[in-house]
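Values below: all heavy atoms of this structure, side chains included; hydrogens, waters and symmetry mates excluded. Chain naming here is simple, since letters A, B, ... match the order of the sequence lines and numbering starts at 1 in each.
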Amino acid sequence: MRTLPVGDDALLVELSSGDEAQALHAELLRRRAAGELTVGEIVPAARTVLLDGLSEPSRLAARLAGWNIPHVPPRAEEAIEIPVRYDGPDLADVAALWGVPRHEVARIHAAAEFRVAFCGFAPGFGYLTGLPDRYDVPRRATPRTAVPAGSVALAGPYTGVYPRSSPGGWQLIGTTDAVLWDHARVRAALLAPGARVRFLPVGS
Amino acid sequence: MTDRALCVVRAGALTTVQDRGRPGHAHLGVPRSGALDAPAAALVNRLVGNVPEAAVLETTLNGCSLRPRSTVVVAVGGAPCPVTVDGRPAPWGAPVRVPAGALLDIGPARRGVRSYLGVAGGVAVEPVLGSRSTDLLSGLGPPPLADGAVLPLGRPVGPPAHVDAAPQPGPPAELVLRVTPGPRDDWFTADAVRTLLTRAYRVSPASNRIGLRTEGPALARAVPGELPSEGVVLGAVQVPPESGPVVFLADHPTTGGYPVVAVVRAADLAAAAQATPGTPVRFTAVGRR
């Protein structure tokens, strides 16, 4: 773990893996809920957690070094289930990259248990990890100017679901009717960092 | 609809509703948004007797024109500009009474970029995640003003301030941005960091609410490529390839993969919001507080 000061009131904690970043994120949420940590934003990302709005970042940096962080984050909450029609336009390309028949993509993808590692790109866009490393895929060479809302997509080690239509370079493997973002809901984002997720194949 | 409303006669180049933004949702990919020149927005609210959270209008370069349906008290601040009511000059930086149906015109900025209009009662569009701010990156909040739109107003809560003209800092002739290096200054050569902190940059016309873009000497990288996506803060100085340093303003993305070479002090961002294209920019290193 390495802590980098960011401006006057933030700290970027760099971990050696995405799993460690998720574990630290869970620990930070636990400590904030317990009243042991006062912070404006806790922003997890691929291998870092940003703590913004700290009154004494250097003191927290010193404290962090002494924390005993459970390796496996607690699994208190039920997995969020997202029904998917595996009918994306890039399904054949992904099957080729994985070296499996086309219909196997759905089975492999739906068998994995995912966790929302972090959000970014757009409100409610989660970067989900859970597929074994061998299923990493590159982004498309030419991004699409408009990816439809509800597209279930792959890039690098991540699965994502587009909350609304936007440009995008991810490989589209399916479609869901789940509403990823609705700011009128108590929880605007269906997928918040730390949430567990499963994809359920449904007929197209 | 209530008669407490503003009719938009001339929306201007880009006029948005802004308040103090929606911080606290960065982990969901939601930018903080909010008035770029926060002290100016706070001042016009104070002048019209509003609470600090009230929503104001933020104009860009050429102002806007509005017609209130009922008599309202307003104040214009931020970038200095002519203010007229039915063609008659009215003060800038002080409370102004605008009769029902009269035409309030906020003219082009004489200096600076963004003027702010505070209205007693505040602009009362529906909040999203606790804020009425228009976020131009993610599209949250109300759309930018359009000719013919109608903006509801809240009820005034306090009397306008008794001032003739409130002192406000003028837009900068040279923009001096105090920075603390890092978190990714080690992704640049030592020469590049020195270049950033000693050479002159200037404000690019491609600047917007997401970032103040600058043009100037290139910054050579010690480490090529992109970082895995990581959280970024307001004031972060990000350096994309083939471009000058970009200072992240209120509508900045919550995560990014280009290395952040330094972070600008929050107190200097209001001046950044008022720096017109071509303004010289100097980044100067300061120690952490």
Side-chain angles (χ1 to χ4, degrees), chain A residues 2-15 17-18 21 25 28-29 39-53 56-58 116-127 156-158 163-164 166 180-185 187-194, chain B residues 21-33 126-131 135 137-141 178-187 226-237 247-248 252-257 259-269 286-289:
Chain A
R2 191 161 78 113
T3 56
L4 306 167
V6 179
D8 285 323
D9 53 10
L11 211 55
L12 187 68
V13 189
E14 190 173 41
L15 292 307
S17 72
H25 175 243
L28 288 163
L29 292 187
V39 57
E41 311 259 14
I42 301 176
V43 188
R47 278 186 208 150
T48 57
V49 181
L50 172 72
L51 295 151
D52 194 7
E56 289 175 289
S58 54
V116 183
F118 59 99
C119 291
F121 174 63
F125 186 97
Y127 291 73
Y158 302 113
R164 57 168 190 209
S166 53
L180 274 291
W181 177 263
D182 176 1
H183 57 248
R185 282 194 305 230
R187 289 187 180 184
L190 180 65
L191 305 180
Chain B
R22 48 183 74 83
H25 305 282
H27 62 292
L28 301 178
V30 175
R32 75 173 58 213
S33 195
E126 202 56 40
V128 172
L129 298 181
S131 166
D135 171 357
L137 181 75
S138 75
L140 295 183
R178 293 168 295 172
V179 299
T180 47
R184 298 297 181 185
D185 48 330
D186 57 350
W187 277 54
E226 276 190 49
L227 289 149
S229 213
E230 63 187 25
V232 283
V233 299
L234 183 69
V237 183
V247 180
F248 273 168
H252 73 85
T254 56
T255 59
V260 170
V261 63
V263 176
V264 175
R265 283 247 168 111
D268 294 349
L269 294 175
V286 290
R288 292 201 159 75
R289 281 182 303 215

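Listed options Gly40(A), Pro123(A), Ala45(A), Gly120(A) were ranked by heavy-atom pairs under 4.5 angstrom with chain B; first place goes to Pro123(A). With chain A as the partner, the residue from Gly139(B), Ser229(B), Gly235(B), Pro228(B) showing the most heavy-atom pairs under 4.5 Å is Ser229(B).
For Thr255(B) against Cys119(A), the heavy-atom pair with the smallest separation is CG2-O, 3.8 Å. The two residues Leu12(A) and Gly231(B) have their closest heavy-atom pair at CD1-O, 4.3 Å. For the pair Thr254(B) and Val43(A), the tightest heavy-atom approach, listed with the atom from each and the gap, is O-CG1, 4.4 Å.
With sequence neighbours excluded, no residue satisfies side chain to side chain donor-acceptor pair (under 3.5 Å) with Glu41(A). Ser138(B) is linked by a side chain to side chain donor-acceptor pair (under 3.5 Å) to Asp135(B), counting only residues two or more places apart in sequence or in another chain.
In this structure, no portion of Val260(B) lies under 4.5 Å from any heavy atom of chain A. Of the two parts of Ile42(A), only the backbone, made up of N, CA, C and O, holds a non-hydrogen atom closer than 4.5 Å to a non-hydrogen atom of chain B. At a 4.5 Å heavy-atom cutoff, the contact between Leu137(B) and chain A is made by backbone atoms alone. Proximity to chain B (any heavy atom under 4.5 Å) is shown, for Ala192(A), by both the backbone and the side chain. If you measure heavy-atom distances from Asp185(B) to chain A, you find no contacts under 4.5 Å at all. Of the atoms belonging to Arg2(A), it is side-chain heavy atoms, and not backbone ones, that fall under 4.5 Å from chain B. Residue Pro23(B) touches chain A through both its backbone and its side chain, counting heavy-atom pairs closer than 4.5 Å.
Here the straight-line distance linking atom NE2 of His27(B) with atom CG of Leu28(A) works out to 12.5 Å at 0.5 Å rounding.
In summary, Asp8(A) and Arg178(B) do not engage in a salt bridge, as defined by a charged side-chain N under 4.0 Å from a carboxylate O.
Taking 4.5 Å as the limit, every side-chain heavy atom of Leu28(B) sits out of range of all side-chain heavy atoms of Phe118(A).
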